[in-house]
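Order of appearance sets the numbers: ligands from 1, and atoms from 1 within every ligand. These values consider heavy atoms only, across backbone and side chains, with no hydrogens, waters or symmetry-generated copies.
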Amino acid sequence: MNYVILAHETDFDGWRQAARTLVLDGVRPEDVTWSVKGDKELFAPADAASPSRLPAGTFNVPARFIELARIAILHRDRERFALLYRLLWRLRGDHDLLDVATDPDVISITAMAKAVRRDEHKMHAFVRFREIGREREARYVAWFEPEHHIVGLAAPFFARRFADMPWSILTPDLCAHWDGFAVSFTPGVGKAEAPSSDRLEETWRRYYATIFNPARLKVKAMQTEMPKKYWRNLPEASMIKPLIAGAAHSADAMIANAATEPHKAQRRLEEPMRRKTATAADNLETLREEAAGCRACPLWKDATQTVFGEGPSHAPIMLVGEQPGDKEDLAGKPFVGPAGQMLDGALIEAGIERKQVYVTNAVKHFKFVPRGKIRLHQKPSTAEIKACRPWYEREKAAIKPVLVVAMGATAAQGVLGRITPINKNRGHLIDLDDKTKALVTVHPSYLLRLPDADAKAREYERFVDDLKMAAAFLRKSARAA
Ligand code: URA
């Protein structure tokens with residue numbers, strides 16, 4: 001019997017060298033026992049040594065096999081090394097063996113590689129970082145229990161995705177660490193080493209509750225995508241059962257509400273609105289009444305009502321969104337629907353109380369197209385943004401905020417009076433003509449629409465950071481006053 005003892009569970013190079021030596025020496029698969037150093041079930045005698053000398057000679061195997069082997073070797077099945085060697089042995093005589101989809105060895109190796117890839121994908125989706133320390137000292141640590149030996153395979157994804165935050169992913173097999181420059185690995189640890197909860201936890205739960213759509217619930221499909229074994233490490237898992245339990249009721253309520261039927265009744269002014277320019281003499285209540293009859297663009301015709309801004313009459317910050325959505329149109333209040341919930345959570349995290357800020361929209365009527373019972377949001381045109389701008393200017397002149405936060409491209413266009421790309425302009429204060437400042441950031445609905453959970457979490461944090469910048473500016477101006 002030939003014994004091969006690999007250096008560790010994912011020692012592909014060690015396997016490759018030993019396999020090449022054994023093939024060239026003509027050692028049949030049934031005459032080799034494979035194990036890993038430190039293996040509790042090591043069958044090798046104490047003096048067993050892996051083949052170290054490379055015999056003369058060469059042989060070719062398809063590049064496809066090498067690719068498959070690199071992935072399949074990460075499977076936890078102890079038989080993988082022997083299976084790979086058997087395939088290698090057979091491939092010398094049958095170069096097209098991998099094309100034989102009914103061959104048991106080919107079936108096994110393909111299934112192993114597939115399971116590894118699936119586990120890698122799950123790790124990408126279900127790692128949840130918890131923050132340890134604050135501000136500059138912050139480090140993000142996650143606990144994950146992979147099914148296979150995939151930490152090394154999955155780590156580059158996290159290094160790319162979370163390049164500017166130092167993180168560690170702890171697992172029972174191996175831990176990966178990123179310091180902003182390189183990934184390093186240390187031996188696995190127990191779950192007790194991982195942080196159990198932090199302030200990001202609540203963000204995940206709130207976010208999950210926001211995106212959960214009871215009308216689209218398919219429990220089986222959901223459990224396939226997010227198998228129960230991952231739940232114990234997901235902060236949002238505590239929401240799953242109550243949300244599923246309440247789903248039927250919530251979906252019934254959604255249907256019964258038929259809330260999105262366009263309303264015809266709208267209070268209209270007999271006279272078309274007289275356009276005014278901003279004056280400090282406007283008071284918010286008279287402005288609101290005047291705006292209720294606005295006909296400056298055709299959007300008033302289908303909307304339920306003008307949704308005017310809301311908040312203290314001398315708020316230091318004015319938050320500007322795009323236009324009311326379905327819920328806001330019916331309630332007559334800005335940001336009360338899903339985007340509003342997202343905004344509320346982010347404001348809390350940034351240390352801003354919603355009741356201290358004035359919240360409004362660049363366009364004050366809901367623009368939509370009807371689709372059955374649903375009213376589908378439509379982006380306002382430049383003409384509509386321009387037509388509505390006097391309201392924003394007059395609100396601002398009445399409130400006199402020190403800072404205007406424009407959320408999304410429409411708001412930025414309304415506030416700055418020109419098309420303003422968000423990514424190029426976010427992250428710094430912009431001087432406005434009247435000596436106040438503006439800050440542009442994304443719209444909370446953008447966060448709701450992102451299809452990828454990691455991207456959502458990351459973008460949400462960036463949004464909170466932008467709001468924190470607003471809070472810091474406010475503190476500074478309060479001190480200077
Ligand atoms: N989106 C907005 O821009 N404003 C709202 O009030 C609601 C959703």
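The ring pair (Phe, Tyr, Trp, His ring centres under 6.0 Å) check on Phe335 picks up His443, with sequence neighbours excluded. Every residue two or more places apart in sequence or in another chain was checked for a salt bridge (charged side-chain N to carboxylate O under 4.0 Å, His left out) with Lys327, and none qualifies.
Between Trp391 and Phe308, the two ring planes are perpendicular [angle over 60°; tilted spans 30° to 60°].
Summarising the local packing, CG of Asp434 is surrounded by more than 12 heavy atoms from other residues, nucleotides or ligands at distances under 6.0 Å.
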Starting from the N and O atoms of ligand 1, find every protein N or O within less than 3.5 Å and list the pair with its distance.
| unit_1 | atom_1 | unit_2 | atom_2 | d |
| --- | --- | --- | --- | --- |
| ligand 1 | 1 (N) | Gln323 | O | 3.3 |
| ligand 1 | 1 (N) | His443 | NE2 | 3.3 |
| ligand 1 | 3 (O) | Glu322 | N | 2.7 |
| ligand 1 | 3 (O) | Gln323 | N | 3.2 |
| ligand 1 | 3 (O) | Gln323 | O | 3.2 |
| ligand 1 | 3 (O) | Asn361 | OD1 | 3.1 |
| ligand 1 | 3 (O) | His443 | NE2 | 2.6 |
| ligand 1 | 4 (N) | Gln323 | O | 2.9 |
| ligand 1 | 4 (N) | Asn361 | OD1 | 2.7 |
| ligand 1 | 4 (N) | Asn361 | ND2 | 3.4 |
| ligand 1 | 6 (O) | Phe335 | N | 2.8 |
| ligand 1 | 6 (O) | Asn361 | ND2 | 3.1 |

Pairs of donor and acceptor atoms involving the side chains of residues 425-432, under 3.5 Å and at least two apart or interchain, shall be tabulated with distances.
| unit_1 | atom_1 | unit_2 | atom_2 | d |
| --- | --- | --- | --- | --- |
| Asn425 | ND2 | Pro421 | O | 2.6 |
| Arg426 | NE | Asp466 | OD2 | 2.9 |
| Arg426 | NH2 | Asp466 | OD2 | 2.7 |
| Asp431 | OD1 | Lys437 | NZ | 2.4 |

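Checking Lys400, Lys364, Arg288 one by one against Glu395, the salt bridge (charged side-chain N to carboxylate O under 4.0 Å, His left out) holds for a single residue, Lys364.
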